[in-house]
**Student:** 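The structure follows.
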Number of protein chains: 2
Amino acid sequence: MRRTDRLFEIIQILRDGGLHRAQDIADRLEVSVRTVYRDMDTLVASGVPVEGERGLGYMVREQITLPPVNLTSEELEALNLGMAIVAEAADPDLRNAALSLAEKIDAVLPTQTVAEADAWKFAIYPFADAARGFSHMATLRAAIKARQKLSLQYRRIDGTLTQRIIRPLHMEYWGRVWTLTAWCDTRAAFRVFRVDLIEDATALPELFVDEPGKTLADFDPCN
Amino acid sequence: MRRTDRLFEIIQILRDGGLHRAQDIADRLEVSVRTVYRDMDTLVASGVPVEGERGLGYMVREQITLPPVNLTSEELEALNLGMAIVAEAADPDLRNAALSLAEKIDAVLPTQTVAEADAWKFAIYPFADAARGFSHMATLRAAIKARQKLSLQYRRIDGTLTQRIIRPLHMEYWGRVWTLTAWCDTRAAFRVFRVDLIEDATALPELFVDEPGKTLADFDPCN
DNA sequence: ACGCAACTGACATAAAGCTGTCAGGAGGGT
DNA sequence: ACCCTCCTGACAGCTTTATGTCAGTTGCGT
């Protein structure tokens, strides 16, 4: 198991909001306690809101949501930057959308403001492993929107392949990894898939509707 | 010299649009030819438009700019995604701007569209080394806009420190590294600085105006 | 005072990544 | 034909990173 994968797993474990001892996490991931402490360091340094209490264990603080602010050229810059990054990383559809949106905004703005935004024209040469697994994102996005079932071929962390029929519900971004939350028809349970481990995703003609117990609202991260 | 730094250097070398032999690049960067070939592999795999011609050398293809497209919910998604990424990575100002902008857009949209966009609510836990060096970005951006001179403390790749007065002109994003293009008053020449190697940046009260030969338009990447 | 569990530092070892060397192959130009 | 250069694979040595072990410290609760 690669280090990155383990960090991701730790977040998943902590996500239930409960108290977890380093020893338990170590046992579960089959590493030494020392390694868990080092991982926690990394997570904290990366901004994950986790806190350790001596004698107790680890817990995540609830995430703080920020109140809305005012309109400004700050936001314009954020937008340009965001579009530049999306144009670099995401799937072709999004890439085009990002580029056209950026151009459209430039076109609408008064010329003086454009000059400002111009300082942000990006020459983008991704070195990216960031792009790994982005190839399926278009399919997944479309299926979530269309409420279309998917046939998924997935490579588990241990390397084995599985095939399943899922109802895609939700995507999340974890800084390094994208996840797809779905109801798995094959296993009759919620599952979270890492997009970068998806080998193949094919949209099926079959649509699905919300059924009690199978909607995103019913999903509980604590397994 | 770290590998990442070398890749970045290679791009700089190729940027002049000329033909370069692997041997020459190898000599200049003091590595073997084999290593250059491996680096080229990496660059190509990362989307850098470089091409090798047997018997000739390496050249960059000119970048293709895409024609503008139409307005749509694609663009909305690109925007949401972009804001999520910016909120993760950029400096505090941009971060807030991105968050508020995303919220503002959500607020303006009809509820049906919001439901779509909702599938993209991001829980963001950056593992980021992406954030390295972002601490100065706010200062740099502000100085570019205000045409304010900067006192820069910069760590060269060999580890030595330099201090200079610069006129910040332009920022670029290279997928892994941000660069700041500036006229260096101290050296009386254009210089490109890597933002992640900037130790300290202090805005000076002194402003600057465009002088012939010192504007961004006068800058020629081929040293 | 005691136990618990988070922490820290130092060190040895194992795994992974990077690089150079060598030995070739392949396409284009002369 | 020949030369130039890109390009590939294999292997050995080096460097970096990751991990485990050990020995200790710190803060909290009982």
Side-chain angles (χ1 to χ4, degrees), chain A residues 1-11 13-14 16-61 127-130 132 157-159 176-177 196, chain B residues 1-11 13-14 16-61 127-130 132 157-159 176-177 196:
Chain A
M1 192 184 212
R2 292 202 321 270
R3 180 152 196 267
T4 316
D5 295 322
R6 200 180 53 232
L7 290 172
F8 179 73
E9 282 297 319
I10 291 179
I11 292 179
I13 292 173
L14 293 172
D16 66 3
L19 208 53
H20 296 270
R21 299 188 316 141
Q23 183 65 60
D24 296 337
I25 297 174
D27 292 346
R28 182 147 161 200
L29 301 180
E30 296 176 319
V31 291
S32 76
V33 189
R34 187 67 182 87
T35 300
V36 172
Y37 289 131
R38 277 189 276 245
D39 286 350
M40 288 302 179
D41 261 1
T42 310
L43 290 176
V44 169
S46 306
V48 177
V50 55
E51 269 175 359
E53 287 284 338
R54 293 174 200 269
L56 292 174
Y58 286 99
M59 266 193 79
V60 285
R61 297 192 306 275
F127 291 174
D129 31 38
R132 188 188 305 151
I157 286 183
D158 60 20
R176 276 273 192 286
V177 226
D196 60 321
Chain B
M1 193 184 211
R2 292 203 323 270
R3 180 152 194 266
T4 315
D5 295 322
R6 202 180 50 234
L7 290 173
F8 179 72
E9 283 297 321
I10 290 179
I11 292 179
I13 292 174
L14 293 173
D16 65 6
L19 208 53
H20 296 269
R21 298 188 317 140
Q23 184 64 61
D24 296 338
I25 297 175
D27 292 346
R28 182 146 161 200
L29 301 180
E30 297 177 319
V31 291
S32 75
V33 189
R34 187 67 182 86
T35 300
V36 172
Y37 289 131
R38 276 190 276 245
D39 286 350
M40 288 302 177
D41 260 2
T42 310
L43 290 176
V44 169
S46 305
V48 177
V50 56
E51 268 175 0
E53 286 286 336
R54 293 172 200 270
L56 292 175
Y58 286 100
M59 266 194 78
V60 284
R61 298 191 306 276
F127 290 175
D129 31 38
R132 188 187 308 151
I157 287 184
D158 62 18
R176 277 274 192 284
V177 226
D196 60 321

**Student:** Between B:A22 and A:R6, which has a closest nucleotide on DNA chain D that is more 5'?
**Tutor:** B:A22

**Student:** Which pairs would a plain distance check flag for residues 52-59 of chain A, meaning a side-chain donor or acceptor within less than 3.5 Å of a matching protein atom at least two apart in sequence or in another chain?
**Tutor:**
none

**Student:** Give the angle between the helix axes at the two ends of the helix from C:dA1-D:dT30 to C:dT30-D:dA1, taking five base pairs at each end and rounding to 10°.
**Tutor:**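 What I find for the helix from C:dA1-D:dT30 to C:dT30-D:dA1 is an axis angle of 30°.
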
**Student:** From CG of B:L19 over to C1' of D:dT5, roughly how many Å is that when rounded to an integer?
**Tutor:** 10 Å

**Student:** Which heavy-atom pair separates B:I13 from B:H20 by the least distance, and what is that distance?
**Tutor:** O-NE2, 3.3 Å

**Student:** Return whichever of B:G55 or A:E51 has its heavy-atom-nearest nucleotide of DNA chain C closer to the 5' end.
**Tutor:** A:E51

**Student:** Using heavy-atom distances to pick each residue's nearest nucleotide on DNA chain D, tell me which of B:R38 and B:H20 is more 5'.
**Tutor:** B:H20

**Student:** Out of curiosity, B:L7 CG to B:M40 CE, how far, rounded to the nearest 0.5 Å?
**Tutor:**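 That separation rounds to 9.5 Å.
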
**Student:** Take the protein atom CD of B:Q23 and the nucleotide atom C1' of D:dC3, then report the distance between them rounded to whole Å.
**Tutor:**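 Answer to the nearest Å: 16 Å.
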
**Student:** For the residue pair B:D41 and B:Y37, establish whether any side-chain heavy-atom pair is separated by less than 4.5 Å.
**Tutor:**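 They are not in contact (no side-chain heavy atoms under 4.5 Å apart), so the answer is no.
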
**Student:** What is the distance from CD of B:E53 to C1' of D:dT5, rounded to the nearest Å?
**Tutor:**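 Interatomic distance, CD of B:E53 to C1' of D:dT5: 11 Å.
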
**Student:** Please examine the side chains of A:D39 and A:E9, heavy atoms only from C-beta on, and report whether any two atoms are closer than 4.5 Å.
**Tutor:**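 No. Closest side-chain heavy atoms not under 4.5 Å.
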
**Student:** Can you list, in residue-number order, the parts of residues 29-37 of chain A that come under 4.0 Å of DNA chain C, counting heavy atoms only?
**Tutor:** A:R34, A:Y37

**Student:** Considering only heavy atoms of chain B and a distance under 4.0 Å, specify the first and last nucleotide of DNA chain C in 5' to 3' order that meet this criterion.
**Tutor:**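 Reading along DNA chain C, I get C:dC18 to C:dG27.
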
**Student:** Taking all heavy atoms of B:V33 and all of B:A22, pick out the closest pair and write down the distance.
**Tutor:** CG1-CB, 3.9 Å

**Student:** Can you list everything that forms a side chain to side chain contact (heavy atoms under 4.5 Å, CB included) with B:R21? Sequence neighbours excluded, please.
**Tutor:** B:Q23, B:D24

**Student:** Test of understanding: with salt bridge (charged side-chain N to carboxylate O under 4.0 Å, His left out), list the residues that count as partners of B:D27, not counting sequence neighbours.
**Tutor:**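 Partners of B:D27 under the salt bridge (charged side-chain N to carboxylate O under 4.0 Å, His left out) test: none.
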
**Student:** Please enumerate all residues that pass salt bridge (charged side-chain N to carboxylate O under 4.0 Å, His left out) together with B:E51, with sequence neighbours excluded.
**Tutor:** B:R61

**Student:** Rounded to whole Å, how long is the line connecting atom CD1 of A:I10 with atom P of D:dA18?
**Tutor:** 14 Å

**Student:** Between protein and nucleic acid, restricted to nucleotides 24-26 of chain D and to nitrogen or oxygen atoms under 3.5 Å apart, what atom pairs and distances do you find?
**Tutor:**
unit_1 : atom_1 : unit_2 : atom_2 : d
D:dT26 : O2     : A:R54  : NH1    : 2.9

